[in-house]
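Every number for a ligand or one of its atoms is a count from 1 in the order of the listing.
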Amino acid sequence: MDKKTAWTKKDLLGLEYLSREEIELILYTAASFKEVTTRQIKKVPTLRGKTVVNLFYEPSTRTRTSFELAAKRLSADVINIEIETSSVKKGETLIDTGRNIEALKIDIIVVRHNCSGAPNILSRAVKARVINAGDGWHEHPTQALLDMFTLKSKLGRIEGLNVSIIGDIAHSRVARSNIWGLTKLGAKVTVCAPPVLIPVGIENMGVRVTSDIDEALGDADAINVLRMQFERDGLTAFPSKLEYFKQYGITNDRLKKCKKDIVVMHPGPINRGIEMSSEVADGKNSVILEQVTNGIAVRMAALYLVAYAKEAAK
Ligand code: CP
C-alpha cells in the first residue's frame, strides 16, 4: 500500500493479468476508502452519475452485498439483476444480456458466473467496465484482494509471509486468485489438500504442494481455509465429511501447534465442523468477519479504478 502507479485496465478480470504494482495500487486505494467506511456519513461523491449493475448467475451473500454497498458508498446508482426473474430464463445469452444492459447506458457490470472465463467473454462484448465477482473454478480477484488487504492489516506486510491455503483447491477460484496475488507480492504459498483435491500442475504456479496438514501448518503465518464445494463435486472422492474433518479440519488442538499469532482466514460461507471447528471460526485468531468488512473498501477501490481507468474504452 506504499506504491502508486496509474491504473490503465478497462476491466478487473483476474489477478493473473495484473502486475505487482497494479495489485499494490488497489490495496493502497482500498486503504484510503477504508477510512471512508469508518466515518459517521460513509459516503463520497466519487461515482456520482455512474451506474453499476450486479449480474450474478450464482448465489452470493458477501460479494454481491459488499459490491452494492461499495457502489452506494461511492454514490453510484446500483441495479441488481435477479437471474431467476430475468430473460436469462428465456434463453438470452450472456453477450446479449450484457449488450442490452449496456444499451441502458450503464457504466460497470459486476459479474459472477458458473463458467470459467465468462467475465472475459463479456468484457470483449461490451464497452462498459467489467469486474469479475467469481467465475467457475477460475478466479475471484476481489476476494483475494480483500484477503491480502486483511493480511497486510494484521501482519503489516505480505512479502516473505508463509501463507497456507488449505482445502478444496481443485474447485477453488479463491485459491487461484490468492496464489497469483500472494506470489506476485512475494509471499511463500503452500497449498494443502487430500491428493484428489489438488489439481494437476498446480506446482507450476510457484507454490509448495502437500497433503500433510502438519507440514502446511508448521511454518504458517496465516492460513486461508477453503470451503468444501459440494455443488462442484468437492469431497466426492473422500470417504466422508467426518473423515475429512479428522484429517484436514482446523481445530484448536491443531492451532496450538502453530505460531501463536497465526491468522486464520476463510472466504465464506463456512461449513462448520468440516473445514474448521466453530471454536476456530469464532476464536481469537480468526479474522473471517474482518475479511468481510474489508471487502467493502477493496470493492470501492476496484469500482473507482476501473471507472476512471486512463486507458478506457476499446
Ligand atoms: N466469499 C464469497 O465469494 O462469498 P459469497 O459467495 O457469499 O459472495
**Study point:** atom 6 (O) of ligand 1: nearest protein contact (heavy atom, Å)
**Key:** Arg112 NH1, 2.9 Å

Revision key, fill the gap. heavy-atom search around atom 7 (O) of ligand 1 in the protein gives Thr61 N, 2.8 Å

Review point. Are a donor atom and an acceptor atom from the side chains of His140 and Arg176 found within less than 3.5 Å of each other?
Key: no

**Study point:** Sub-4.0 Å heavy-atom approach of His140 to ligand 1
**Key:** yes

**Study point:** Heavy atom of the protein closest to atom 4 (O) of ligand 1 (residue, atom name, distance)
**Key:** Arg62 NE, 3.0 Å

Check your understanding: Does anything in residues 39-50 pair up under salt bridge (Lys or Arg N to Asp or Glu O under 4.0 Å), and if so which pairs, sequence neighbours excluded?
Key -> Glu35-Arg39

Revision key, fill the gap. Per-atom filter on ligand 1: closer than 4.0 angstrom to a heavy atom of Gln143 are 1 (N), 2 (C)

Review point. Do we see a donor-acceptor contact under 3.5 Å between the side chains of Asn294 and Glu290?
Key: no

Practice item. If you have a sec, work out which protein heavy atom is nearest atom 1 (N) of ligand 1 and how many Å separate them, to one decimal? Key: Pro267 O, 2.8 Å

Exercise for review: Could you tell me whether ligand 1 has any atom less than 4.0 Å away from a heavy atom of Gly268?
Suggested key: yes

**Study point:** Test side chain to side chain donor-acceptor pair (under 3.5 Å) applied to Lys246 - qualifying residues, sequence neighbours left out
**Key:** none

Practice item. May I have the step-by-step check of side chain to side chain donor-acceptor pair (under 3.5 Å) for His113 and Glu58, ending in yes or no? Key: CA-CA 6 Å; His113 207 285; Glu58 278 191 342; over 6 Å; no

Review point. Among side-chain atoms of Thr63 and Arg112, is any donor-acceptor pair under 3.5 angstrom?
Key: yes

Point to revise | atom 2 (C) of ligand 1: nearest protein contact (heavy atom, Å) | key: Thr63 OG1, 3.5 Å

Point to revise | contact_flag Glu58 ligand 1 heavy-atom lt 4.0 Å | key: no

Exercise for review: Compute both the distance and the angle, then confirm whether Arg299 meets the cation-pi test with Phe67: under 6.0 Å from the six-membered ring centre, within 45 degrees of the axis.
Suggested key: yes

